[in-house]
Amino acid sequence: MTVYFIGAGPGAADLITVRGARTLAACQVCLYAGSLVPRELLAECPPQARLVDTARLDLDEITAELLRAHREGHDVARLHSGDPSVFSAVAEQMRRLDAAGVPYEVVPGVPAFAAAAASLKRELTVPTVGQTVILTRVAHRATAMPDGEDLATLGRSGALIVLHLAAKYVDRVVGELLPHYGADCPAAVVAYASRPDELIIRGTLDEIAHKVKEAGVLRTAVIMVGRTLGAEQFRDSHLYSPERERHVR
């Protein structure tokens, strides 16, 4: 058997990849986070599949479910929201599976920041304006940030910053980034990206916190801060330049 860590996408059920949907349809067991994964996706599971909502399970209990499936010889679809490569907590599950000798594979998904950028109709890397994107979060009691990865330090780069799991701490985000980005820097918050109840909030860095609190956004949101969000006057990229030498193969 194999455990498949599948990126379920940012929220809309039809944003799971073709490979993800095919893998889900072939697994006899599906573990999913009921609070984050759209229930419509469960319709892709085989009719007799065992479905386990992990929303209230701890790591030991989740691992026990994976090991049970391994003993029974059943493939497992482990559905995670977004993409498993960022802020998914799959690393600790993989470590447990490695120790138990259980094989696993990873099926990538559409990450929340990509869905948010699509909703904003923005490319996050714009020639001469910004070519770097930082994906991060803020420290809180549950998980501290490593040394050198605090917002004040990351903000010195001036790069576009994308914050996950941070809407609740928007005042702190603004306070730490203002000295580096300036009050007029474009900012945006996208809550429930790609879902029917999606909410987009745009503004400048000095006003975004007020707008977020006014809208009552506390979770399931991505915060973006950076000049590329408002870039209009910029040089065309070299990619499609008529001056670029092209070789037809």
Side-chain angles (χ1 to χ4, degrees), residues 1-116 118 135-137 140 142-143 146 162 164-166 191-198 219-222:
M1 61 80 68
T2 301
V3 174
Y4 296 93
F5 292 100
I6 302 173
D14 61 351
L15 281 181
I16 191 171
T17 66
V18 173
R19 180 182 297 182
R22 287 175 178 169
T23 304
L24 182 59
C27 291
Q28 302 96 324
V29 179
C30 175
L31 274 65
Y32 67 100
S35 58
L36 298 173
V37 172
R39 294 196 65 84
E40 301 96 301
L41 278 183
L42 301 181
E44 301 288 339
C45 298
Q48 303 305 318
R50 182 162 62 88
L51 306 180
V52 181
D53 186 351
T54 62
R56 297 185 180 278
L57 302 186
D58 61 28
L59 180 59
D60 288 339
E61 292 169 325
I62 291 171
T63 303
E65 291 287 350
L66 299 177
L67 295 182
R68 172 187 169 184
H70 177 65
R71 291 192 300 269
E72 296 174 351
H74 294 155
D75 287 336
V76 179
R78 177 64 175 111
L79 276 176
H80 279 271
S81 62
D83 179 77
S85 66
V86 289
F87 305 118
S88 65
V90 300
E92 58 213 53
Q93 297 173 68
M94 292 175 179
R95 182 168 58 188
R96 297 287 186 98
L97 296 181
D98 284 335
V102 177
Y104 58 85
E105 295 182 15
V106 180
V107 180
V110 177
F113 79 89
L135 306 179
T136 189
R137 47 177 286 277
H140 49 77
T143 307
V162 178
H164 295 72
L165 313 170
Y192 309 112
S194 80
R195 289 175 25 171
D197 55 347
E198 175 184 271
R219 59 191 299 272
T220 321
V222 172

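In this structure a side-chain-to-backbone donor-acceptor pair under 3.5 Å is missing from Glu44 to Ala25. Although no hydrogens or angles enter the test, the distance criterion places no donor-acceptor pair under 3.5 Å between the side chain of Thr54 and the main chain of Leu57. Side-chain N or O atoms of Ser194 include one that pairs as donor or acceptor with a backbone N or O of Ala12 at under 3.5 Å. Of the possible polar contacts, none joining the His70 side chain to the Val102 backbone as a donor-acceptor pair under 3.5 Å is found.
In this structure, the side chains of Arg22 and Arg19 stay at 4.5 Å or more apart for every pair of heavy atoms. Side-chain contact between Cys27 and Val76 is absent, with no heavy atoms from C-beta onward closer than 4.5 Å. Put simply, the side chain of Leu24 does not reach to within 4.5 Å of the side chain of Tyr4, judged on heavy atoms. Pro10 has its side chain within reach of Leu15: a pair of non-hydrogen atoms, C-beta onward, lies under 4.5 Å apart. Between Phe5 and Val107 the shortest side-chain heavy-atom distance does not fall below 4.5 Å. Arg96 places a side-chain heavy atom less than 4.5 Å from the side chain of Asp60. The closest side-chain heavy-atom distance from Ile6 to Ile16 is below 4.5 Å. Counting heavy atoms from C-beta outward, Asp75 and Gln28 have side chains that approach closer than 4.5 Å.
The shortest heavy-atom contact between Met1 and Leu66 is CE-O, 4.4 Å. Taking every heavy atom of both residues into account, Pro108 and Thr17 meet most closely at O-CG2, 3.6 Å. Nearest heavy-atom pair across Arg39 and Tyr32 is NH1-OH, 3.3 Å. A pairwise comparison of heavy atoms in Ala8 and Leu41 identifies CB-CD1, 3.7 Å as the closest pair. Across all their heavy atoms, Ala49 and Cys45 have their closest contact at CB-CB, 4.1 Å. Counting all heavy atoms, side chain and backbone alike, Tyr192 lies closest to Asp197 at CB-OD1, 3.7 Å.
Aromatic ring orientation, His164 versus Phe113: perpendicular (interplanar angle above 60°, classes split at 30° and 60°).
Salt bridge annotation for Glu65-Arg50: present, with a cationic side-chain nitrogen under 4.0 angstrom from a carboxylate oxygen.
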Quiz item: Should Gln93 and Thr63 be marked as a side-chain contact (heavy atoms from CB on, under 4.5 Å) after you check the CA-CA gap, both sets of side-chain angles, and the distance that decides it?
Solution: CA-CA 7 Å; Gln93 297 173 68; Thr63 303; 5.7 Å; no

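With values rounded to the nearest 0.5 angstrom, Asp53 atom CG is found 11.0 Å from Leu79 atom CG. Between Ile62 atom CD1 and Arg78 atom CZ the span is 4.5 Å, to the nearest 0.5 Å.
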